[in-house]
Amino acid sequence: MAKIAAVKGTRDFYPEIMAVRNWIIDGWKQTSIRNGFVEYDSPIFEYLELYTLKSGDEIVSQLFSMTDRGGRDLAIRPEITPSLARMVNQQINTLPRPVKWFSAPRLCRAERPQKGRLREFFQWNCDIVGSESVLADAESIYTAIDYLRSIGLKSTDIVARISSRSMLAEILLAMGFATEDHNKVYSLLDKMPKVSPQAFAEMAAEQITESHLREEFMKLPALKTLADVDAVATSEGAKTALAELRELFAILDSMGVGDYCKFDIQIVRGLAYYTGPVFEIFDRSESLRAICGGGRYDSLLTILGGPKVPATGFGMGDVVLEILLREKGLLPELSSTIDYFVIDAGAELFDRTLKLTCDIRQRGHSASFSYKRQNLGKNFKLADSQKARFAIIVGQETIDRNEITIKELASGEQRVMAIDEFLGSL
RNA sequence: GUGAUAGUAGCUCAGUUGGCUAGAGCACCAGAUUGUGGUUCUGGGGGUCGCGGGUUCGAGCCCCGUCUUUCACCCCA
């Protein structure tokens, strides 16, 4: 038999790692619920077309696709937003708005694995559909920060960099950039933090051939605050978008997470479908890729032939998050334990041991016992290795009086107790 | 898709210019121990040195290929 390893870019979740995964996902769920989101899920595979409609045919090389026996082209979901759009679209006229839905799906992408990026991972998604209010954007960003704050990340550890796709577009128009050239500018801005100033200038020179436009473009990185933006927001549209972004920051401030938020014109979120405020959350040391990203996407349903419905939301993957928490020492001790380990002092007492174990389990506490006949010392070792809180000894002298000995393993203290009294206390 | 990096026991790693039957610590199993655990002592199992080919009298070590890891680029929903 050949040894078969785990597939490239996947992880085996041994119990210790599984505990971490559950802890992360439980935190996501609790945060979602306390912020008013309800959970949904979708199939793990969809028609391939659901993804090509949104992202074009290039996406096919970046996802796992297959043809089923009926000749259907399918793909394992690389993201859940298209599924969300499909589900919302199907019930668009009956769902009370705003729809506030969350999910923590398992996703697969056929990319080269590297730090913070695997081929299979979990991603928390929160989306608010049916509201164009900036309050929805604020609540989306707040929810992401709420979770990160709740697990111990301070505003000195992480930062939400926020900008607005619509504001940037309006500014570019005011500067003289035609709409079809905007994507080029977005790409350049996105690259800027990764390259040297000289390399950046060269890239800009290559991409933007008209010198007056290039001159305008080079003003963008200097816009560090919204006050700076004021000077270039000359058009009516730009002023409106700027006012919206100001409002967003004011709301986040009122919600108590202003320290975590910073305007950053470089945040453009790739070339995706974003139409309004956009944000990404990074660790302050900037040694990792983004922990979280999201924004407003008001046109997604139209891709599926649905009506134009406003929407905003974010996604947060488990991979980068776990790396950061490990670096910061914020992962809790999550050793699995059992409540009681029941030990008998002889084979003739085993029936009572078995019954007692099951009585404890019936009352909702975890209990275990040894499969092997062995002396007390071995049994205690076993209890210890299973991280039992208490050992219970079923001994001949005590059992005759319907009593058992209960020992707390951490302190070593033990006492004799009537079985009925013990079970009654559970 | 491009470029680098590494791969020896479950884990972390030694392994001499190529030379006896490939080692250590931890972990695991058992015994010391027939009414009390964590420490200790003794013993044991576990390896096609990632895989395939080549060079050589001889390869864990050198060469080629391949798979996987890690990192960066591309991309990033």
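Below, read A as the first sequence line, B as the second, and so on, with proteins coming before strands; counting in each chain starts at 1. Model, not experiment: these values are computed from the prediction.
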By the 4.0 Å heavy-atom rule, please label [X] as base, sugar-phosphate, or nothing.
X	result
A:Glu397	base
A:Ile343	nothing
A:Gly293	nothing
A:Gln414	base
A:Lys387	nothing
A:Ile393	base
A:Gly9	sugar-phosphate

Under 4.0 Å from OP1 or OP2 of [N]: is there any side-chain N or O of [X] that close?
X	N	answer
A:Lys8	B:rU69	yes
A:Arg269	B:rA77	yes
A:Gln114	B:rA72	yes
A:Lys381	B:rC28	no
A:Lys194	B:rA72	no

Could you tell me the separation between the [atom1] atom of [X] and the [atom2] atom of [N], rounded to a whole number of Å?
X	N	atom1	atom2	value
A:Ile404	B:rU36	CD1	P	19 Å
A:Glu58	B:rC74	CD	P	17 Å
A:Gln62	B:rG1	CD	P	12 Å
A:Ile291	B:rC76	CD1	P	20 Å
A:Glu413	B:rU36	CD	P	19 Å
A:Asn379	B:rU34	CG	C1'	12 Å

Applying the Watson-Crick and G-U wobble criteria at under 3.5 Å, what pairs with [N]? Answer none if nothing qualifies.
N	result
B:rU55	none
B:rA30	B:rU42
B:rC71	B:rG3

Heavy-atom count around A:Glu413 CD within 6.0 Å, excluding the residue itself: above 12?
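No, the 6.0 Å shell around CD holds no more than 12 heavy atoms from other groups.
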
Is a salt bridge present between A:Asp283 and A:Lys328, judged by a nitrogen-to-oxygen distance below 4.0 Å?
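A salt bridge is absent here (no side-chain N lies under 4.0 Å from a carboxylate O).
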
Salt-bridge criterion met for A:Glu210 and A:Arg214 (N-O under 4.0 Å)
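No, A:Glu210 and A:Arg214 are not salt-bridged.
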
So, applying side chain to side chain contact (heavy atoms under 4.5 Å, CB included) with A:Lys100, which one of A:Ile128, A:Val129, A:Asp127 is it?
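Considering A:Ile128, A:Val129, A:Asp127, a side chain to side chain contact (heavy atoms under 4.5 Å, CB included) with A:Lys100 is found only for A:Ile128.
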
Centroid-centroid under 6.0 Å between A:Tyr340 and A:Phe422 rings
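Aromatic pair counts; centres sit under 6.0 Å.
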
With distance as the sole criterion, do the side chain of A:Arg289 and the base of B:rC76 form a donor-acceptor contact below 3.5 Å?
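Indeed, a donor on one side and an acceptor on the other fall under 3.5 Å apart.
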
